Every structure is written in structure tokens, then in C-alpha cells.
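Below: one structure, written as C-alpha cells.
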Number of protein chains: 2
Amino acid sequence: MTGHGSNGHGNSKRGRVTLRDVAEAAGTSRSTASRALAGNGYVADSIKARIQEAADRLGYVPDVSARTLKGQSSGLVGLLVSDLRNQFYAQLAAGVEQTLAAAGQQLVLVDDHGSEDQAAAGARAFLSMRAAGVLLAPVGKAATQALVDRGMPVVEVDRRSGVRGCDSVTIDSELGAREAVGHLLARGHRRIAMITDETAWDTGQARLKGYRAAHREAGVPVSRRLVLTLGLRPADPIGDVSAFLDQNPDVTAVFAANNVVGEAVWQELKRRGQRVPADCSLVCFDDMTWMRMVEPGVTAVRQPVYDMGVRAAEMLLKRATGIGGRPAAEVLQPELVERGSTLAVPQR
Amino acid sequence: MTGHGSNGHGNSKRGRVTLRDVAEAAGTSRSTASRALAGNGYVADSIKARIQEAADRLGYVPDVSARTLKGQSSGLVGLLVSDLRNQFYAQLAAGVEQTLAAAGQQLVLVDDHGSEDQAAAGARAFLSMRAAGVLLAPVGKAATQALVDRGMPVVEVDRRSGVRGCDSVTIDSELGAREAVGHLLARGHRRIAMITDETAWDTGQARLKGYRAAHREAGVPVSRRLVLTLGLRPADPIGDVSAFLDQNPDVTAVFAANNVVGEAVWQELKRRGQRVPADCSLVCFDDMTWMRMVEPGVTAVRQPVYDMGVRAAEMLLKRATGIGGRPAAEVLQPELVERGSTLAVPQR
DNA sequence: CTGTTAGCGCATTCAT
DNA sequence: ATGAATGCGCTAACAG
């Protein structure tokens, strides 16, 4: 039964049921109806019930625009990510959504595809809709700065732009990288390549730093030529990895600095018939589904991504509620998950 | 001049710059400023430039709430998915976001976790924010019905609730299943298990239908006991698969009806040391990253998920623009990607 | 071409 | 305990 469109109640001009309609139906004034429905102020129980009933019967839905305009929060929280197709950001978004939903807020998702311009456009949109706050993985300072300047509560996730006045939730990248590379060094590897997407932002830098720190601790010199930076949106990452491996045949292990890079490395290793870990060991930063599906499993630095989303959303909600205090910078701990992709260096 | 009651600069109150502030700064009326900025109506170029300059200088950001209240679209489009952590929905969301962003609309994402109640809550929120339209993978009729009844443009994706009055974009599940199972039958398999999450909605039903149709075409009888339904949020899917395989040792191939089920099947097969495809062949509906990373690759029915998101968003945008016409039901074609997980049935 | 007027739907004073 | 009045920021009529 599809109902055929026209429900001809006292419903005024255009199908949209407003507070006025409810009030009229209940025989009260709009203000009383407002109070009854919002639960503010005093309203006699009998009247309240009548209003509630009328609202239900008419299918009244409050109008956020009007409420927002009046000065309330829009109930919208912005999330700006760099690539929704990347499982990392999808997990992050899932954690954020879950937390927001529980607090009755809605998630507005924008993908900037790594572009500062698109991030700026997203920031403007969030401002424009009077978002209660914004969560973002920064791609430069501009967006964060613009938001903070206008008093918008901001929590940066995964990366930090360096802009002051916003909270952040990140994962200890340096520690994760140090453990991953230390794991390799402890197994005798001495020619460990680091393949990464970027070393321009703090996250990439920290991973590089961890890579170096691990070497330093082990008393092994690092060679600049063993670090390959693919770029943020490489045209042919597998080809780049291939060329790199051709030029560095002495490499016995690879540290892939994120899941996307890891994917390219794994595929190239397979393509050239290299066995993992017999011919080459592999550790990835950021544990993804496929790493536990393949044989052998890929040793990985697990990041609590979903939790990061949850924590970030919690911080934002708190901040949006008006609780001041100094900007907080929460750092979550990664965890090395050992699987089969790392073995002692082959004796040849 | 009129305004000497002002206490100085217009925006001093609360940091928020309004059209009034811009107009004052440019020495024009608010309506002129509005027209200049929105590009509607006639405004002298010199004035327009002055207004534009003032807006930029003050950092004016239009207020969507006010604009929406006035009767415009909110510029928000809702998307309701069942599980954002599932890569399938993440890809879908990515396609939607991309298309929306290009049209200057924002994506509001709600995850109903398969619950009708949460879907209903999401629907209410979309109504409340005067979304320009809503895209959803239905979990029942209620949400779609509520939206359609109120004249909200709706496009259903991946599944169809059967509610009339909305568009839909789906993938031909029956065809995909028929091809997948036909592929197995052609290789001599006669005991093919179908493991699925649900057979209650049209998508699951269509896949079951395709499974049966393939058997019928091959003249092979189907046995009810070979179909295992895990449920939408199974407590222990791997355990269930394990028990099933114990009870049906004659199975030589498995057709997993979606990527989540496929994951469980793959893991259980590995756990019990079964070789794929030597001991058991596997085909999955819905091609995911891990299926091309594992060795051998998993033969899969590739769904154009991202494109489905794009198409659905396009349809919605068109509909929201007020273009009427009969509800459209677009069906996208899946594609069987043959990899190494399917072999001729072992002769034993 | 530009300014004046009005009102979108709601929550909030302030009076009763 | 309830109703009347006000204004949030913007745009669409309508004058000029």
C-alpha cells in the first residue's frame, strides 16, 4: 500500500508540517507547543500529551534550519579526510560516525583528495552550515587556521598541522616505525628499505625518524638511497617500487610506511616471483584486512584507527559543549603484530 | 545618515560576519549585497566589486540555515548505509561524495548498522535538516516510505525495499550469482555450497535465485542443505562455516555471497589447512582488495560499487533539481573476474 | 539598477 | 502555566 500522496489533514500550504500546525491542531499557542516538544519550561501534563499526540499524528519534524538560525547548534559535525577509498579513512569515519550518532549529532563527510583547495572549500562549507565542530586530517595549515580563527572547535586527527588552538588525536608514528624497523634489525637485516608516500607532513616525518632511530639504536648506518618516497598520488607506484628494487638488489627487507604503499610492495614482490619472507621480509605500517588474509600474514603496525575516530569525536563533542581548557594532544599507541612476513635475513 | 546608534563596527558582537556587516562596510543595502554575492539580479559592476571586496576582507561566510529557512535547499544530501566499516559501503560513499562535491552539495553520512530503528532515526534527521535528497541501502520499508511520503527525493542503492515512488540503482545480483556458480559447474563441481549473510532482502534472494538458476541450466539438482545463511551480524561466522563444512565434507566448491562471508570462508579454509583450489574452490560475490592480494587470487564477481555511488548521486541530483518523470530503476552489470581460486573438481 | 518590506520556523523573552 | 511579541540571517517581492 503506497498511499496515494495526498493526506488531506489541516496541514497548510505545502506539505511541510510546522510547529504552527501542531499548535493549531492541539489548540495551543506555538510557544507552548515549542516548550512541550523541546521539554523546556513549564507545560501542564495534559496539554503536553495533547501536543505530543498532535505532533505524532501530523508527523511533525522540527526544522533544524530554524533552530540553528535561532542560535542553537546545527547538530552537524564536519569530517575532512584525504581519501575515503582508503580503508584507513573509512575506519576513521566509522568511529566518528558511531560516536556522533550516540550523541545525536550528524556527520558531514568531505573528501579533499589531498588537495588544499578542496580542504579549504570543505572548511568553508562547515563554517557555512554552522557545524558544531570539525575533525580533520590536515593537508596544510590553511583549513585548520581558517576554522580556528573563527572560533570553530577543531580536532586534528592522524596528522597535525601545527596550528595552535586546536586539539589533536594522533598515533605515535615514530614509535611504531621504530618498533617495526627494530624488529627487522633484530632479525639480522642490515639493508632495510623504507618506502613511503610522503615525508612532508608530521606523520611521514615521524615514521622516517623512527626508521632512523631504530638504526641508530642498533648501531647500523642508514643509507639515503634506501628511502623511497612515492608521493601522495603516484601514477605508477608498482612501477616505482619495481625500479627501486632493481637498483637496490641488496635489500633484504622492506618497511612500508602505510597500507597503500604496502599493497604496491606486496604486489610487486609477487609479480617478480620473490618469496616473502624467504627472499625479502616485509613490515607494513597500518594493519589492513588483506595483511591477515595473505599467506604468510604480513607483520604490521596496527593502528587503533576506529578508536582514534571515537576519541577525536569525543574530544570534539566535549569542546563543542563549551568546555574550555588548554588544547589537548592525545597520542594513541600502535602495536606491532607479528605474522609470517618477517624472518631472519637469509644467509647467502 | 541613519546609523549613528551603532556601537562601532558591525561585527563586534559575536565574531560572526553577516550580510548586514558586509552591506554596511560596502555602503549598500543588504539586498544589494545579497544579489551581488549570489550573482542574482542586477548589480552595477562597480558596486558589485566593492561588495565582493568587503566580503572577502571581512571573511564573510553565508549562513546556510538562514538561506535554507528562506526556502532554498540546504545543500545537504543524506546517505544511509548499513556498515561503514565494510569496504563495500565505504566505496559507495566515496562515489557519492565525489559526485556531490562536484555539484557543490555536502554528504551527510549515517550508519544504521542494519537496524530499522536507526534507519528511521536517520530518515528523521534528513527530513529535519531539509536534505535535498536521500540515498539509502534499505533495511526495511519504513525509512524509505517515511521519506517518500513527505516528498523527499529518494534513490535506493544496492537493495530495493519495494516502496514505490523512489529511484534505484542496483547491481544485477542474480546474473552475478548465476555466472559465478555457472563457472563452478562448468568446471565439473556438483556439490557447491552457497554461504550467504541473508536471503531476506531482494539482493540476497536474487543471489540465491542465481545459484539455483545456474544449477537448473546445468541440469544439476540443488540441495537445500548446501545453502548456509549466517545472518546479518553473526556472532561467530568462522565457527558457523566450520560446523557447516564438517557436516558437508562432500562440498568441492563454495560460492560466498558477499565479501564479508568470503572473508570468513577463506580464513576457515586456511585454518583447517585446506588448499584452495586443490581441496576446495572458491568464488566470492563482491571483489575486494584482499582477493587479489592472496595467493591464489580469489575468483570474484566484481561490482562497480564506486560507480553505483556516482550514478545514484547523479540520479538524486537530477531528481532534486525538480525534474520529474517516472521512477527510474537502473541496473548495473557485474563482471566475473577469474583468478586462481577455481579449478576443475579434483578427481578422487 | 537599488532600497524597503516581509517572512521562512523556531526559541525565547516578557507579560499575563 | 500559557500566550504575544521578537529576531536569528537571508532572499524574494515590490517599489522607486
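Just so we're clear, the structure is a prediction, and the values are computed from it rather than from any experiment. Each chain gets a letter, A, B and so on, in the order the sequences are listed, and its residues count up from 1. Basis for what follows: all heavy atoms, side chains included, without hydrogens, waters or symmetry-related copies.
- Put simply, CD1 on Ile51(B) is 14 Å from P on dC1(C), counting in whole angstrom units.
- The line from CG of Leu69(A) to CG of Asp63(B) is 6.0 Å long, rounded to the nearest 0.5 Å.
- For dG3(C), one of the phosphate oxygens OP1 or OP2 lies less than 4.0 angstrom from a side-chain nitrogen or oxygen of Ser29(B).
- Residues Arg20(B) and Glu24(B) are paired through a salt bridge, judged by an N-O separation under 4.0 Å between the basic side chain and the carboxylate.
- Here the C1' atom of nucleotide dG9(D) and the CG atom of Leu127(A) are 15 Å apart, to the nearest Å.
- Note on Tyr42(B): every side-chain N or O is 4.0 Å or more away from OP1 and OP2 of dG3(C).
- If you check every strand for non-hydrogen atoms under 4.0 Å, Thr28(A) touches sugar and phosphate atoms only.
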- Derivation of the side-chain hydrogen bond (donor to acceptor under 3.5 Å, both in side chains) call for Ser29(B) and Thr32(B): CA-CA 5 Å; Ser29(B) 73; Thr32(B) 303; 3.1 Å; yes

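- Straight-line distance from the CZ atom of Arg30(A) to the P atom of dA5(D): 10 Å, rounded to whole Å.
- Nucleotide dT11(D) holds its P atom 9 Å from the CG atom of Asp63(B), rounded to whole Å.
- Listed by residue number, the members of residues 32-39 of chain A with any heavy atom below 4.0 angstrom from DNA chain D are Thr32(A), Arg35(A).
- Nucleotide dA1(D) holds its C1' atom 15 Å from the CG atom of Asn40(A), rounded to whole Å.
- Ser74(B) places a side-chain N or O within 3.5 Å of a backbone atom of Arg130(B) that can act as its donor or acceptor partner.
- Side-chain N/O atoms of Arg67(A) include one lying less than 4.0 angstrom from OP1 or OP2 on dA11(C).
- Contact check, Gln72(A) against dT12(C): a side-chain N or O comes under 4.0 Å of OP1 or OP2.
- Between the side chain of Ser31(B) and the base of dT4(C) there is at least one donor-acceptor pair of N/O atoms closer than 3.5 Å.
- Atom-to-atom, NZ of Lys48(A) to P of dA1(D) comes out at 11 Å; the value is rounded to the nearest Å.
- Rounding to the nearest 0.5 Å gives a distance of 6.0 Å between CG of Leu92(A) and CG of Leu79(A).
- Side chain of Lys70(B), nearest nucleotide from dA12(D), dC10(C), dA11(C): dA12(D).
- The CZ atom of Arg20(B) sits 7 Å away from the P atom of dC8(D) (whole-angstrom rounding).
- Of the possible polar contacts, one joining the Asp167(A) side chain to the Ala328(A) backbone as a donor-acceptor pair under 3.5 Å is found.
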- Task: Assess whether side-chain contact (heavy atoms from CB on, under 4.5 Å) is satisfied between Phe88(A) and Asp83(A), documenting all intermediate values.
- Result: CA-CA 9 Å; Phe88(A) 176 88; Asp83(A) 178 16; over 6 Å; no

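- For the pair Asp21(A) CG and dG9(C) P, the interatomic distance rounds to 9 Å; values are reported in whole Å.
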